[in-house]
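Working notes, beginning with the structure itself.
Throughout, residue positions are numbered sequentially from 1 according to the sequence presented. The shown structure was predicted, so the numbers you read here are calculated from the model rather than taken from an experiment.
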Amino acid sequence: MSHWKNLRVASAVCDAAEKWGFFQIVNHDVPIEVLDNVKDATYRFFDLPADQKNKYSKENSASNNVRFGTSFSPEAEKSLEWKDYLSLFFVSEEEASMLWPPVCREQVLDYIRRTEVVIKKLLQMLMEGLNVKEIDETKRSLLMGSIRTNLNYYPICPDPELTVGVGRHSDVSTLTILLQDEIGGLYVRGNQSDGDNWIHVPPIKGSLVINVGDALQILSNSRYKSVEHRVIANGTKNRISVPIFVNPKPTDIIGPLVEVLQNGEKPIYKQVLYSDYVKHFFRKAHDGKKTVEFAEI
Ligand SMILES: O=C(O)CCC(=O)C(=O)O
Ligand SMILES: [Fe+2]
């Protein structure tokens, strides 16, 4: 990735986003200490006593932008996912310094700051692949207008056969940047249409896993693919991961970009308010990729 101006790197990124929707990057300029620090901070948060963590639960949190919880949409699920999380919606450094838990705040902010450079480079390459020459203010908002970071904690599960870490889903983001630890357990749906073909994403020290989300699939009129993935429950080890979800602003209207349709290509998606899309997404339990149908024409 440090050679991101090299056309071969750009074309490998666009190719992976088209064919797989998932790839890993190395030599990306986010220092390994920043990654290690945010992993340590994640453990520090989940090691806090329950009453400390519960200060950030739905019932107790001072803001909707900070949320500690379990599973994905507990009201809609038949069985809960074996995962606790702390979700941090970034508004400003000032807000973070007031609301985010002190045990992880600085490390998460640092991780976001250092990753932003990588996000911009990736989006620039992906946009060039769509014939978008410049990321102006409107596009910047559509592509990276809001940022949410989750700290995920998958505790040891006494009977991993009975549940999952995270059920099959695609992300609502434009791009997701995922830091995973060395345990493994993330699977991605392969691009062969026949059968149930899941591919393990092997942990690579220092790498970041990148995946295309629904919003970028919609903006690119399905050129870039938002691919299903899931995490298995683990019977012997705790696992953590730290995704940064890069999203449009909630008030943005998303639909296929004009540059993509310039050659006469038919739009597959209509224009939808991004916050409506997100609402639709969180109403249901994780169940594959059906959510994107909400935006189909
Ligand atoms: O923990 C992981 O590896 C993936 C988590 C994930 O897919 C998500 O939070 O959307
Ligand atoms: Fe995901």
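Looking at Asn37 and Lys39, their side chains never bring a donor and an acceptor atom within 3.5 Å of each other. Checked by atom type, the side-chain pair Asn221/Glu265 shows a donor-acceptor distance below 3.5 Å. Under 3.5 Å, the side chains of Asn150 and Ser87 contain a donor-acceptor pair of N or O atoms. Looking only at atom types and distance, the side chain of Ser57 has no donor-acceptor partner in the side chain of Asn54 under 3.5 Å away.
Between Leu109 and Ser97, every side-chain heavy-atom pair lies at or beyond the 4.5 Å cut-off. Here the side chains of Thr174 and Ile254 are not in contact, with every heavy-atom distance at 4.5 Å or above. At a threshold of 4.5 Å between non-hydrogen side-chain atoms, the residues Ser226 and Asp171 do not count as touching. Using a 4.5 Å heavy-atom cutoff, the side chains of Pro250 and Val278 are not in contact. With contacts defined as side-chain heavy-atom distances shorter than 4.5 Å, the pair Gln217/Ile268 does not qualify. Residues Glu259 and Val132 have side chains in contact (heavy-atom distance under 4.5 Å, counting atoms from C-beta outward). Leu142 has its side chain within reach of Leu257: a pair of non-hydrogen atoms, C-beta onward, lies under 4.5 Å apart. At least one side-chain heavy atom of Lys237 sits under 4.5 Å from a side-chain heavy atom of Ile183.
With sequence neighbours left out, Lys205 forms a salt bridge (Lys or Arg N to Asp or Glu O under 4.0 Å) with Asp36. Every residue was checked against the salt bridge (Lys or Arg N to Asp or Glu O under 4.0 Å) condition with Lys270, not counting sequence neighbours, and none meets it. Taking the salt bridge (Lys or Arg N to Asp or Glu O under 4.0 Å) definition, one finds that Glu18 meets it with Arg223, sequence neighbours left out. Evaluation of the salt bridge (Lys or Arg N to Asp or Glu O under 4.0 Å) rule for Arg114 yields no partner, not counting sequence neighbours.
The hydrophobic cluster around Ile32 extends to none of the other residues, as no ILVMFWY side-chain heavy atom falls under 4.5 Å of it. By the 4.5 Å side-chain criterion applied to Ile, Leu, Val, Met, Phe, Trp and Tyr, Ile253 is assigned to a cluster that also includes Leu273. Applying the under-4.5 Å side-chain rule to Ile, Leu, Val, Met, Phe, Trp and Tyr, the cluster around Trp20 extends to Ile199. Grouped by direct or indirect side-chain proximity (heavy atoms under 4.5 Å, Ile/Leu/Val/Met/Phe/Trp/Tyr only), Ile232 sits with Tyr187, Trp198.
When all heavy atoms of Ser146 and Pro248 are compared, the closest pair comes out as OG-O, 2.9 Å. Residue Gln107 comes nearest to Val38 through the heavy atom pair O-CG2, 3.9 Å, listed as atom of the first residue, atom of the second, then distance. Of all non-hydrogen atoms in Ser220 and Leu130, the two that sit nearest each other are CB-CD1, 3.8 Å. When all heavy atoms of Val9 and Trp4 are compared, the closest pair comes out as CG1-CA, 4.0 Å. Across all their heavy atoms, Phe245 and Asn247 have their closest contact at O-ND2, 3.3 Å. The two residues Ile156 and Gly235 have their closest heavy-atom pair at CG2-O, 3.2 Å.
Here the straight-line distance linking atom CG of Leu175 with atom OH of Tyr224 works out to 10.0 Å at 0.5 Å rounding. The distance from atom CD1 of Ile177 to atom OH of Tyr111, rounded to the nearest 0.5 Å, is 7.5 Å. Here the OG-CG distance, from Ser241 to Asp181, works out to 8.0 Å after rounding to the nearest 0.5 Å. Between the CD1 atom in Ile218 and the CD atom in Glu296 there is a gap of 9.0 Å [rounded to 0.5 Å]. With rounding to the nearest 0.5 Å, the separation of CD1 in Ile240 from CZ in Phe45 is 13.0 Å. Atom CZ in Phe22 sits 3.5 Å away from atom CG in Asn211 (nearest 0.5 Å).
Tracing side-chain contacts under 4.5 Å through hydrophobic residues (I, L, V, M, F, W, Y), one reaches Val209 starting from Val231; they form part of the same cluster.
The aromatic rings of His280 and Tyr277 sit tilted, their planes meeting at an angle between 30° and 60°.
Enclosure of atom CG in Asn64 is not indicated, since only 12 or fewer non-hydrogen atoms of other residues, nucleotides or ligands lie within 6.0 angstrom. Applying the 6.0 Å contact sphere to CG of Leu7 captures no more than 12 heavy atoms from other residues, nucleotides or ligands. Counting non-hydrogen atoms of other residues, nucleotides and ligands closer than 6.0 Å to NZ of Lys266 gives a total of 12 or fewer.
At least one donor-acceptor pair closer than 3.5 Å links the side chain of Glu81 to the backbone N or O of Gly167. Side-chain N or O atoms of Trp82 include one that pairs as donor or acceptor with a backbone N or O of Pro155 at under 3.5 Å. Although no hydrogens or angles enter the test, the distance criterion places no donor-acceptor pair under 3.5 Å between the side chain of His169 and the main chain of Arg230.
For residues 121-140, there are no ring-ring contact (aromatic ring centres under 6.0 Å, His included) pairs, not counting sequence neighbours. For residues 118-153, the set of pairs meeting the ring-ring contact (aromatic ring centres under 6.0 Å, His included) definition, not counting sequence neighbours, comprises Phe46-Tyr153. Within the structure, no pair that satisfies the salt bridge (Lys or Arg N to Asp or Glu O under 4.0 Å) test touches residues 241-254, not counting sequence neighbours.
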Residue pair Arg113, Asp110: steps toward the salt bridge (Lys or Arg N to Asp or Glu O under 4.0 Å) verdict: CA-CA 5 Å; Arg113 280 184 215 117; Asp110 218 24; 3.1 Å; yes

Ignoring hydrogens and angles, write down the donor-acceptor pairs under 3.5 Å from the side chains of residues 118-127, residues two or more places apart or on other chains.
from, atom 1, to, atom 2, distance (Å)
Lys121, NZ, Asp29, OD2, 3.2

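The one candidate from Cys104, Pro243, Pro101 that meets the side chain to side chain contact (heavy atoms under 4.5 Å, CB included) condition with Leu151 is Cys104.
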